Amino acid sequence: MSSDPKLLEGSIAVSQPFDLDVCLNSGQAFAWFQRENAWLGAIRQTAFALRQEKDRLFYHTSAPSFPESDALLRHYFALDDDYEKIRRRLPRDPFLRSAMRFGAGLRILRQDPWECLAGFILSSAKQIVHIRQIWQEVARRWGMPLELRGEGEGVAQPPPAVKKNTAGGGCATWLPVYSFPDPDKMAVLSEADLRSCGMGFRAPYLLHAAQQIAGGEPDLASLRNLPVEKAREKLMRLRGVGQKIADCALLFSLGKNEAFPVDTWILRVLRRVYFRNKRRVRPARLRSFAAGHFGPHGGLAQQYLFHYARMHPHFLAR
DNA sequence: GCCCAGGCCATTT
DNA sequence: AAATGGCATGGG
């Protein structure tokens, strides 16, 4: 219960455009799942249950202290970035502006590079719901169980103000949260281990990436300090990592705000809106257009477009 | 049963 | 260079 001294509850006042649901449901991170009114997941080795109410982010966490939980959340959601200012630097084209209005509160997460890369290796030719399922299975089997309350319970409590399931007088049951296994941990698994999580032909790619990264090549953390082209080139040396997956890792975990991943949704949006419905415009052309048009914060623009398209499937129909 | 999914790779034209 | 087909698996 909330009287458990091990359970840390807190909240953060957010004075920024911020919508938790949009951030965690926009296909950036696959580690979070919704239970009742809360999002459950982990930031590296720290479990959180999150719920937003207006301009306040409420949480329960396994973090040992408020300074640590506060810092983790502020960093992960980039709450100290000035998104009003960033949004003003995006182009004023009408379609982007309406996508920005629709997705107000969307932010680029600052994920762990390994987790982000692994998630997007799993993402190819998969729907987001299924990527989440595979992620959870991998985490459940080889990650660390993270207790949101005292040791031995294995059950997380809902965050503040979340309604409990009062049927039968019992508390709601919350699934335990697991961290995602490190490269070292994954590197010693077999391809069959990974395949048994349902990831199919992506298994050898993920295993190879884990082994490479565990061996220090590439050193993901150091990619942050390279120019985006060099960092992308290193990522693309990994089998199963093309430009799209590399750009996702660069944008969502390595601070490359100009990275503009072109996936099937963005492909269709750009062709339809910015190339007047022309078929046969090739991805390379779209990428160079996007780099020039959307500029140094193109990645955020890309997320607005992606989110808008995915929430308006009829818009791209036909 | 169909279809396709935040792709990538090897193989053909 | 640019267009295919194959790849595993599950959800709609």
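In the text below, chain A, chain B and the rest are named by the order of the sequence lines, each starting its count at 1. Values below: all heavy atoms of this structure, side chains included; hydrogens, waters and symmetry mates excluded. On a predicted model such as this, the values are computed, not experimentally measured, just so you know.
dG6(B) and dA3(C) are spaced 22 Å apart, taking the C1' atom of each and rounding to whole Å. dG10(C) and dC9(B) have their P atoms separated by 24 Å, given to the nearest Å.
Taking atom CZ of Arg285(A) as the reference point, atom C1' of dA2(C) lies 16 Å away to the nearest angstrom.
Proximity of the aromatic rings of Tyr83(A) and Phe18(A) is defined here by a centroid distance below 6.0 angstrom, and this criterion is not met. Ring-centre distance between Phe48(A) and His60(A): not below the 6.0 Å cut-off. Taking the six-membered ring for Trp and the full ring otherwise, Phe180(A) and Trp135(A) have centroids separated by under 6.0 Å. For Phe275(A) and Phe289(A), the distance between ring centers is under 6.0 angstrom.
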Pair pattern of DNA chain C in dot-bracket, where unpaired bases get dots and | marks partners in another strand, Watson-Crick or G-U under 3.5 angstrom: |||||||.||||
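Pairs passing the ring pair (Phe, Tyr, Trp, His ring centres under 6.0 Å) check and including a residue from residues 232-256 of chain A, sequence neighbours excluded, read Phe120(A)-Phe252(A).
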Reading 5' to 3' through nucleotides 3-8 of chain B, protein heavy-atom contacts under 4.0 Å coded B for base, S for sugar-phosphate only, - for none: --BBBS
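Between dA1(C) and Arg282(A), no contact under 4.0 Å exists linking OP1 or OP2 to a side-chain N or O.
If you take CZ on Arg44(A) and CG on Asp182(A), they are separated by 8.0 Å, rounding to the nearest 0.5 Å.
More than 12 heavy atoms of other residues, nucleotides or ligands sit less than 6.0 Å from atom CZ of Arg97(A).
Both Gln133(A) and Arg195(A) lie close to DNA chain C; mapped to their nearest nucleotides by heavy-atom distance, the more 5′-ward contact belongs to Arg195(A).
The residues Glu53(A) and Arg51(A) are annotated as salt-bridged, a charged nitrogen and a carboxylate oxygen being separated by less than 4.0 angstrom.
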